[in-house]
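Each chain gets a letter, A, B and so on, in the order the sequences are listed, and its residues count up from 1. As a basis for the values below, the full set of heavy atoms in this structure was taken, side chains included, without hydrogen atoms, waters or symmetry mates.
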Amino acid sequence: MNSKRILIFGLIFLMMTTTHVVASDLLSGIVKAQGLRKPDNILVYLTKTPDQITPPQEAFVLDQNNLTFLPHTLVIPMGSTVAFPNNDKVDHNVFSLSRTKKFNFGSYKPGVSHNVIFDKPGIVELRCDLHSEMISYILVMKNSYFALTDKKGNFSIDVKGLAQGKYTLKTWHEKLTNSKLALELPAAVSQKAIINLKRGAPGVLYK
Amino acid sequence: MLTFMKSKIIRVILIIFLFFAAIGLPRFFKEISGENKTHVIELVAGKYGYTPERIFVNKGDTIIVKPTSKDVTHGFLLDGYPVEFIIKQGGIAYQKYEWEDDAGKLQADWDKVTEIEFTADKSGKFIFRCTQVCGNLHPFMTGELIVAPNTLYYTMIFLSIWVVISLFLWFGSGRRPLQKKGKTLNLFDIIPGLKWLMKRRSFQFFLLFPGFVIFYLFIIASLKGSPVGNHNIAIIIVWILWWFLLKSVFVPLGGRLWCMICPLPAPAEWISRKAFTAVRFIKKPIKGNHHKYTGLGLDWPKKLRNMWLQNIIFLLMISFGIILITRPVATATMFLLILAATLVMAFIFRNRVFCLYLCPVGGFLGNYSMASTTALRVIDKDVCKKHKNKCCLKGSPDGWGCPWNQYPGTMDRNNYCGLCTECVKTCPENNVGFFLRPFGSDRTVKDYSEMYNILIMLVVAIAFSITMLGPWGFIKAAANITESRQIYPFLIYIGVLYTMSLGVFPGIFIFLSRLSAKFAGYKGDVKKLVLQLSYMLIPVGIFAWIAFSLPSIMVNYSYVLNVLSDPLGYGWNIFGTANVSFNPFYPEIVPLIQGLLLLTGLYFGINRVYLSLTGLIADPSKRKKAILLPGFFALAVVNIFLKLYLG
C-alpha cells in the first residue's frame, strides 16, 4: 500500500518536473487590422517548430462559383492536393504565376475539375484569365500550427504536442504587412495575444 | 370662458404649451416590438430604381443586403450611414471601406462581397442613391430606408398643425397681426451708388451680357458635348445650379430678378430697339410711345392678356420635365425654341410680349415675385398723379417706355415688373426707388389664370418630388418616355398631372374657399375672395420649391465641380475638379431643413392671407373663419410634402 502510494506520487512528481511537452492547449488571440473591412482571413502561424506535416488523403477544394473563388484564402499543409472544380455558369481559366507553384489549366467548362499537388511551402496567387477581378490565395504551410482569423479577428492554434521553448508567431494577409511576435510556450497559452496589423504590401511566408 | 380665452397672455402661454406638446408627443411613437430583428433584403437594382423601393426597419435591427443588378452596374450610397457599394449583375457587389492611415489621411478600398451587413443604429428616413452613372436618369435613382421611430417626421406633422393652430390663436388675440403694413426701405437711400448704377443706360446690358455669352456657349455644349446629362455643363449648370438659385435666391429675394438678366429675349429686344443700350426717342408719339420699334409693333390681344397661355406652355414643358433636365439635346431644343419665339414675337408685337404672356418660367416668377423681399416702386404716388408726361410708360430721351407695359405710378404688385430699371432712368422726378420689404408684401391675386398658376406650381412641385426625388422606378419610367418607349404609362402620368393641376387641386381649393365664404357669412364678391385666399399658396409654393431644390445642390454639387473642369464630357480637367467624387454634403440633414422650410412656407401663407383679407372682410373673427378651410388645404399640402420628404 505504502509502496504503491510512493510510486504514484513519484510518477506524478516525475511528470511535473521532467515533462518538456506542452499539454493540450490553445494558443489564442485577436488580430486588429488597420485598413481592412473586417479582420478575417488573416493567416496566423507559428515558425521555428519541427517542420513535420502529413498531408490529408482527401483533396482540398477551391471552388469557382458566381465569378468568385471560394474560399478566398485556403491554407493547406505541404504536399496536399487541391481540386479546382468549375461550378459556375461560365468558363474559367485558373492559373498561377507564383514561384511556389506555377500552373495554367486553360479555359475550361462548368462541371470540369482539375487537381494540383502543392509540394513546396509558400504563397500561391490564383487568377482567372477570363475574369480579371477573380482572385484567391492558397497558402502552403510547413507545419500544422496555423489558423485563419474569423470575422472578428479571433484565432486559436492548437499547440498540443509542441515542446516547451521559444517560437515566433507570424501573420500574413494580402493587404497587410507581415508581423512577427516572439513568444514562449507554454507561458503564451495562458494569455491572449493581441496583434495589431497595418495596411501595406505583405512579404513571404518563409524565408 | 370667452373673456378667459381672449386674454392675450393665456393665448401666448397656450401657443408655447402646444409647441412643447408638438415636440414632445412624437417621442411616444416608438417602434412596435422591442426585440431587434435581422432583415435580409434581396435588393434588385435596375434602371432607375431599386426593389424594394422602401425598406422599413426598427432602430437597432440588423440589415443584411443581398444586392444584384438586372441590367447595368449600379451603386448604393446610404445617407447618414457609412454604407457604400457597387452592384453588379449576378449578385456580385463591391463594398467600400475606409480607414485612416498613420499620416491621418483617409484611405479607401473595395471588397468583393455578396452581402452587406450593417446595423440600423440611427432612426429617421435615409435615402440611398446610385453612384454609378447608369443612364439618363441616374441622378434620380434612389431608394429609401426608414428606421422607426421616425420621430422627426412625426414632430414635423405636429409642428405643422401647431403652426396653424397658433396662428389662429394669435389672430384671435386682438393683437396687431404680425407685421400689418410692411415697412419698406428705399435701397437707393441706403446703398450709395446703387441709384447711380441703375440710372446708367448700360446697367442691364452689362448684367445680362456675361449670361448671354454663357447661354450661347451652353447651347453649343448641349449640342456638341456629351449626350449624358451629368457630363454636360449645360444640363448641370442650368438644372442644378440655376434652378436652385432661381428658386432659393432669386425668387424670394428678388422676384423677377432673373428677368433682369435673362439672356433669352435679349437679342429680340436689341433687334426691336435697334440698339444695345441706347434710347431711340422720337418726339411725336406713335400709339402712345415715343419709340419706333422694328417690325409690326402690334399690341398683344386683350383676351390673351393673362396667364392662361403661360400655364398651358408650362404644363406642356413640365410633361417632358424629366427628359428636359437629363438630355442636353432637349435642353438645347427648348432654348432654341424660346429664342425663336422671342424673335418672332419681336417682329409682330412690341415690348416684352413673350416674357409677359408666353414664357413658362415668367409665369410662376411673376406670381412668386409678389412675395419677394425687393420691389421697384414709385416713391410718392402723388408725384406721378401730377406728372402729365408719363415718361415711364411712353418713354423719354433717357429711357425706353416700360417694356413690360406697366405704369409704375399705379403699379402695386411685382407680377409683371421685369426689373429692367428703365423707369428708374426715364422718371424725370427721380420718383422710382428700389425697395426692401418684408416677405409676402404684395397680396392680391387678380384673376383665375394667376390662381391656376399658383395651384399648377404646387402640383408640379409634388409631381417632381415624386418622380425625381421619390424611390418609385415605375413612375420614373413612365415619365421617361423617350427611353422607356411606353406610351400608355406616359399618358397616364401626364393625365394624372393635368387632372391634378387643372381639376382636382383647384376644384378642392375653390370648393373649400366658397364653403368658407358661406361659413364666414361673406356677402361680397365670392370670386374675389377665392382668388384672394389662393394667395396663401404662394409662400407655401415658394418654400416647397426651395425644399425640392435643396437636395439637388446638397447632393449633386459634385456634378457642378465636375463639369466646370470638363464642360463637354470630353475628359478635360481644366481646374482639377473633373474627378471630384460623388459625395453628398450632409444629406442626412436634408429632411430636417426641408421640414423647417415647409413650416416656414405654411406660416407665411396663412399669416399673409389673413392680412390680405383685411380689405375684403373687416371683422377679424369672420376673416379667421374665411381662412379656416383653405388653411386646412394648405396644411394638407404641406403634409403631402412632409410625407414625401420625411415620411
Counting only non-hydrogen atoms closer than 4.5 Å, does [X] touch chain B with its backbone (N, CA, C, O), its side chain (CB onward), both, or neither?
X	value
A:Lys38	neither
A:Arg37	both
A:Lys198	side chain

Legend entry - Residue B:Gln89 versus chain A: region with a heavy atom under 4.5 Å: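 B:Gln89 has no heavy atom closer than 4.5 Å to chain A.
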Inset, instruction - Could you tell me which portion of B:Glu100 (side chain, backbone, both or neither) has an atom closer than 4.5 angstrom to a non-hydrogen atom of chain A? - result: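 Looking at B:Glu100, just its backbone touches chain A.
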Legend entry - Validation row, ring centre B:Phe128 to ring centre B:Phe76 under 6.0 Å: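 Ring-ring flag for B:Phe128/B:Phe76: true, centres closer than 6.0 Å.
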Legend entry - Output field: ring centroids B:Tyr557/B:Tyr559 closer than 6.0 Å: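 No - the distance between ring centres of B:Tyr557 and B:Tyr559 does not fall below the 6.0 Å cut-off.
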Inset, instruction - Dump the intermediate steps for side chain to side chain donor-acceptor pair (under 3.5 Å) on B:Asn480 and B:Arg327, then the final yes or no. - result: CA-CA 11 Å; B:Asn480 189 21; B:Arg327 315 294 204 282; 2.6 Å; yes
Inset, instruction - If the plane angle is over 60° it's perpendicular, under 30° parallel, otherwise tilted; pick one for A:His114 and A:Tyr108. - result: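 The arrangement is perpendicular - the two ring planes meet at more than 60°.
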Legend entry - Beyond-backbone contact of A:Lys120 with A:Met78, side-chain heavy atoms, under 4.5 angstrom: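 A side-chain contact under 4.5 Å is absent here.
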